[in-house]
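For reference, the structure discussed in these notes is given below.
Keep in mind that this is a model prediction, so the values were computed, not measured.
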Amino acid sequence: MTALIWFRDDLSLADHAALQAGAEEAGGIVALYVLDEESAETRPLGGAARWWLHESLSRLRADLAALGIPLVLRRGASERIVAEVAEESRATHVFWNRRYGSERHLDARLKASMRERGIDARSFRGGLLFEPWTVATATGTPYRVYTPFWRACLALPAPAAPLPVPETLTAAALQPASEALDAWQLQPTRPNWAGGLADRWTPGETAALGSLDRFLDERAPGYRERRDFPAIDAGSELSPHLRWGEISPRTVWHRALAAATETGVDVGTFLSEVGWREFASHTLFHHTGVDRAGNAEPGLHVRGINPQFDGFPWRRPDANELAAWQRGETGFGVVDAGMRELWQSGFMHNRVRMITASFLTKNLLIDWRVGEAWFWDTLVDADAASNPFNWQWVSGCGADAAPYFRVFNPETQQHKFDRDGGYVDRWAPDSVMLPQLVDLRETRVRALAAYESIKLAPRERSAP
DNA sequence: TCGACCTTCGA
DNA sequence: CGAAGGTCG
């Protein structure tokens with residue numbers, strides 16, 4: 001009896017339901033990771049995510065090796081590879097933890113074809129606190145507004161306690177050959193880029209737990225008051241670890257509540273941020289397919305949730321403007337600091353993400369998907385649900401009827417949240433010398449007019 | 001049905 | 001303090 005455990009967005013040994021089931025039910029384990037850049041349902045990884053994946057896989061491989069289990073690495077279309085590896089190892093069981101985006105359709109097909117061959121193929125709870133089909137309004141529809149969504153989640157039975165790392169694992173006798181991790185060339189070729197990522201981040205399960213503990217010990221007490229100021233390191237920095245399932249949200253949830261009980265610290269605001277991650281994934285689950293394809297335009301990978309915005313008069317991206325935004329050379333300090341923090345470290349402070357996104361979509365009037373694609377490529381925490389969701393939220397074309405007239409003013413924001421200039425000085429001290437790319441007042445008026453145009457006559461607009 | 005409400009605001 | 005318009009119960 002051999003269980004093939006297919007690792008995907010769950011690169012950990014703790015709270016891994018599929019691995020736990022394999023340890024309990026089968027005599028031997030085969031651990032597999034598939035780099036799938038072929039299937040239509042998977043979105044090709046961005047550069048920063050590829051770097052993270054390389055590091056995370058090498059740590060998972062070491063952690064598994066310490067328990068006597070090799071990690072088999074294969075590249076190709078998931079359905080073909082999993083079938084091949086199951087065959088090569090004479091697997092009787094194939095177990096995995098659920099995914100909730102478009103990939104779940106691929107998973108469903110694979111499960112059916114495995115079962116046809118008499119293999120016990122099963123999926124287990126994945127990287128969410130609540131299964132998306134358990135959260136709905138009184139009329140059974142998906143929530144479109146965050147606050148009632150999260151209230152409903154909190155009224156559900158608490159998420160299951162995280163599972164421990166299995167105490168004993170036995171390697172299956174037949175271990176299929178693995179490709180070499182280095183041969184996948186996940187590391188960026190651009191000199192120095194990976195250096196900036198490595199300076200700030202340590203991927204892997206051990207580091208993830210360390211970040212959570214440090215956050216709960218040191219940062220949670222002041223989190224609510226300090227989190228909006230980008231010059232202060234007030235966040236948990238857990239987002240890339242959650243993205244790859246190096247830590248599960250159930251572990252975060254239960255440890256946070258334990259800390260609250262122990263020390264009385266308020267973790268409500270922090271868990272509510274985990275709630276936003278949850279909301280994005282649930283929303284994507286209910287708008288199946290928007291995370292993939294459907295775009296004629298090259299480089300844009302996602303569709304919008306709200307069809308009313310299909311005819312929105314975005315300006316054709318001016319190459320100079322777009323480059324100035326990407327490089328952090330707009331002449332607006334907090335925008336430039338944010339964009340350079342992103343490029344140099346693979347991350348951007350949450351509030352600054354909103355400011356830079358508002359600047360691109362409102363002041364430059366460039367399609368949110370252009371910015372989404374840049375963030376996808378450069379963020380270590382780039383997530384197929386959260387990234388498009390948050391871009392649409394900021395640009396006012398998400399599921400909720402957002403107040404589109406709410407245009408962030410980067411100067412006002414900088415004055416409010418970086419008054420002492422700590423953040424701008426750290427990342428873009430020369431920004432003050434640069435000419436400002438746009439007139440904030442004129443471009444604000446222009447954006448409001450554009451939004452007005454689809455509101456008044458959504459059907460009269462011709463397709464772009 | 002209807003009223004309270006909507007993460008992150010600009011002026 | 002006003003800026004829409006939809007969501008939710």
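- In this structure, the nucleotide among B:dG10, C:dG9, B:dT8 sitting nearest to the side chain of A:Met354 is B:dT8.
- If you check every strand for non-hydrogen atoms under 4.0 Å, A:Arg151 touches nothing.
- In this structure, B:dA11 forms no base pair with any nucleotide, since neither Watson-Crick nor G-U wobble geometry is met with both distances under 3.5 Å.
- Side-chain N/O atoms of A:Arg351 include none lying less than 4.0 angstrom from OP1 or OP2 on B:dT8.
- Using a 3.5 Å distance cut-off with no hydrogens or angles, the side chains of A:Glu321 and A:Gln326 do not pair a donor with an acceptor.
- As a whole-Å value, the separation of A:Glu442 CD from B:dG10 P is 19 Å.
- Counting non-hydrogen atoms under 4.0 angstrom, A:Glu411 reaches nothing in the nucleic acid.
- Phosphate contact (OP1/OP2 of C:dG6, side-chain N/O of A:Tyr143, threshold under 4.0 Å): absent.
- For the pair A:Lys416 and A:Phe229, the cation does not sit on the ring face, since its NZ or CZ is not both under 6.0 Å from the ring centre and inside 45° of the axis.
- Nucleotide C:dG6: paired with B:dC5 (Watson-Crick or G-U wobble, both distances less than 3.5 Å).
- Across the protein-nucleic acid pair, A:Asn306 atom CG and C:dA4 atom P stand 18 Å apart, rounded to whole Å.
- Taking atom P on both C:dA4 and B:dA11, the two are 15 Å apart, rounded to the nearest angstrom.
- With hydrogens and angles left out, the side-chain atoms of A:Glu278 and A:His282 include a donor and acceptor closer than 3.5 Å.
- At whole-Å resolution of the value, CG in A:Leu448 and P in C:dG5 are 13 Å apart.
- Taking only side-chain atoms of A:Lys416, from C-beta outward, the nucleotide of B:dT8, C:dG9, B:dC9 with the closest atom is B:dC9.
- More than 12 heavy atoms of other residues, nucleotides or ligands shown are found within 6.0 angstrom of CZ on A:Arg214.
- One can place OH of A:Tyr146 at 14 Å from P of C:dC8, the figure rounded to the nearest angstrom.
- A:Glu55 and A:Gln187 are linked by a side-chain donor-acceptor pair at a separation below 3.5 angstrom, with hydrogens and angles left out of the test.
- In this model, the phosphate group of B:dT8 is not approached by any side-chain N or O of A:Gln413 to a distance below 4.0 Å at OP1 or OP2.
- At B:dC9, none of the side-chain N or O atoms of A:Asn409 fall inside 4.0 Å of OP1 or OP2 (strictly under the cut-off).
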